[in-house]
Amino acid sequence: MTSPAPRREDNSRMDYQDTLERIHTALKPLIGEGKVASYIPELANVAPDQFGMAVLNIDGTVFSVGDATKRFSIQSISKLFALTLAFQREGDSLWTRVGREPSGTPFNSLVQLEAEQGIPRNPFINAGALVVTDMLVAHHGGGEGAQDALLAFVRSLAGTGGTGIQINGRVGESEIRTSSRNAAMAHFMKSFGNLHGKVGEVINAYCHHCAIEMNCIELARAACFIANKGVNPWSGEAVVDPSSAKRLSALMLTCGTYDAAGDFAFRVGLPAKSGVGGGIVAILPGECGICVWSPALEESGNSRAGSLALEMFTSLTKRSIF
Ligand code: GLN
């Protein structure tokens with residue numbers, strides 16, 4: 001694209017409002033194209049023609065457009081927060097139970113688990129997140145403890161505005177009722193000794209983590225610690241050390257958007273994590289957290305309008321990690 005980069009008001013802050021409005025206008029005809037996730041019955045009821053986007057500068061400046069204050073089911077984006085929390089508890093020993101290679105298979109695939117002895121390829125596919133959840137269950141005295149701990153953690157990452165973030169119990173229960181595939185993975189990993197808790201408890205906590213509801217502004221804000229070398233900009237606390245923040249970003253880039261991660265990196269060029277609720281959270285290191293939401297998905301499970309919006313964002317602003 002040939003448009004000029006957005007104006008920079010000072011050395012540290014870009015004004016992204018015009019960019020977000022241009023993206024919204026350009027994508028309007030496409031919003032709703034694709035398919036809303038229907039394998040979780042409660043998600044099938046979400047109207048596809050919604051779109052919101054927010055950019056949260058680490059100095060607190062907010063830019064937003066469309067349905068950026070409407071909460072949605074964060075689904076697999078919860079895997080990013082669950083990994084961070086489990087890493088705080090386990091440290092590097094976490095990597096003895098889960099790998100860090102892109103899977104190249106769909107997020108809910110079972111095929112690699114047998115060949116790789118119950119060690120999931122990475123923490124952002126369902127099998128990997130189940131192992132991570134198992135760690136949280138062990139550290140927090142059971143499934144309910146793990147649920148509460150993750151909710152408290154995302155609230156703290158989202159700053160003072162995050163206190164109203166909730167788990168949607170209806171979505172959680174709907175997913176538990178249709179969780180045969182996730183339960184199969186969990187049992188299979190247990191047979192290899194890589195799941196320590198009760199399968200039912202782990203599935204329960206995992207499904208309720210996926211059912212957390214947040215809006216684009218809250219999610220962009222909650223991701224800012226990764227853009228800020230591991231420090232929560234709203235509290236000043238170190239969530240993880242700078243090297244671990246780098247590693248989280250690397251995992252987002254290589255594994256954060258399912259088996260479409262290569263194409264996503266090619267098109268967008270930002271570390272990102274998506275969910276089948278239609279949200280995608282991304283970061284621009286040293287600068288901002290970004291979140292886009294539009295429920296209609298591509299075949300891969302990534303939001304169609306969301307992926308296009310992020311692609312436009314890096315093209316228009318000429319800013320990416322590359
Ligand atoms: N809760 C969903 C599942 O386990 C999450 C999948 C996703 O967002 N990719 O299938």
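Whatever order the structure lists ligands and atoms in, that order sets their numbers, starting from 1. If you're wondering where the values come from, they're calculated on a predicted model, not measured in any experiment.
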Original post:
By the rule that ILVMFWY residues connect when side-chain heavy atoms come within less than 4.5 angstrom, directly or transitively, which residues belong alongside Val62?
Top reply: Leu56, Ile217, Trp234

Subject >> Which residues share a side chain to side chain contact (heavy atoms under 4.5 Å, CB included) with Ala227, sequence neighbours left out >> reply: Ile58, Ile283

Subject >> ligand 1 versus Arg181: contacting region, heavy-atom distance under 4.0 Å >> reply: neither

Original post:
Considering only heavy atoms, does Asn182 approach ligand 1 within less than 4.0 Å through its side chain, its backbone, both, or neither?
Top reply: side chain

Original post:
Thinking salt bridges, do Arg267 and Glu298 make one under a 4.0 Å N-O criterion?
Top reply: yes

Original post:
Lys79 to ligand 1: N or O pair under 3.5 Å?
Top reply: no

**OP:** Identify the heavy atoms of Ser244 and Phe87 that sit nearest to each other, and give their distance.
**Re:** OG-CE2, 3.2 Å

Original post:
Is there at least one pair of N or O atoms, one from Val276 and one from ligand 1, spaced under 3.5 Å apart?
Top reply: yes

Original post:
So is Asn108 in contact with ligand 1, going by heavy-atom distances below 4.0 Å?
Top reply: no

Original post:
Which atoms of ligand 1 are found less than 4.0 Å from any heavy atom of Gly275?
Top reply: 8 (O)

Subject >> Numbered atoms of ligand 1 (with element) below 4.0 Å of Tyr258, judged on heavy atoms >> reply: 7 (C), 8 (O), 9 (N)

Original post:
Does the side chain of Glu237 reach to within under 4.5 Å of the side chain of Val231, using non-hydrogen atoms?
Top reply: no

Original post:
What residue and heavy atom of the protein are closest to atom 7 (C) of ligand 1, and at what distance?
Top reply: Ser76 OG, 2.6 Å

Original post:
Can you tell me the protein heavy atom closest to atom 4 (O) of ligand 1 and the distance?
Top reply: Tyr206 OH, 2.6 Å

Subject >> Ring centers of Phe124, Phe107 separated by less than 6.0 Å >> reply: no

Subject >> Smallest separation among heavy atoms of Val276 and Tyr258, with atom names >> reply: N-OH, 3.5 Å

**OP:** Under 4.0 Å from a heavy atom of Phe107: give me the atoms of ligand 1 that qualify, with their elements.
**Re:** 6 (C), 9 (N), 10 (O)

Subject >> Smallest separation among heavy atoms of Pro120 and Asn194, with atom names >> reply: CD-ND2, 3.6 Å

Original post:
Is there a donor in the side chain of Asn182 and an acceptor in the side chain of Asn126, or the other way round, less than 3.5 Å apart?
Top reply: yes

Original post:
Looking at Cys210, which atoms of ligand 1 are within less than 4.0 Å of one of its heavy atoms?
Top reply: 1 (N)

**OP:** Write out the residue and atom name of the closest protein heavy atom to atom 2 (C) of ligand 1, then the distance separating them to 0.1 Å.
**Re:** Gln75 OE1, 3.1 Å

Subject >> Heavy-atom nearest neighbour in the protein, as seen from atom 10 (O) of ligand 1, with distance rounded to 0.1 Å >> reply: Tyr39 OH, 2.6 Å

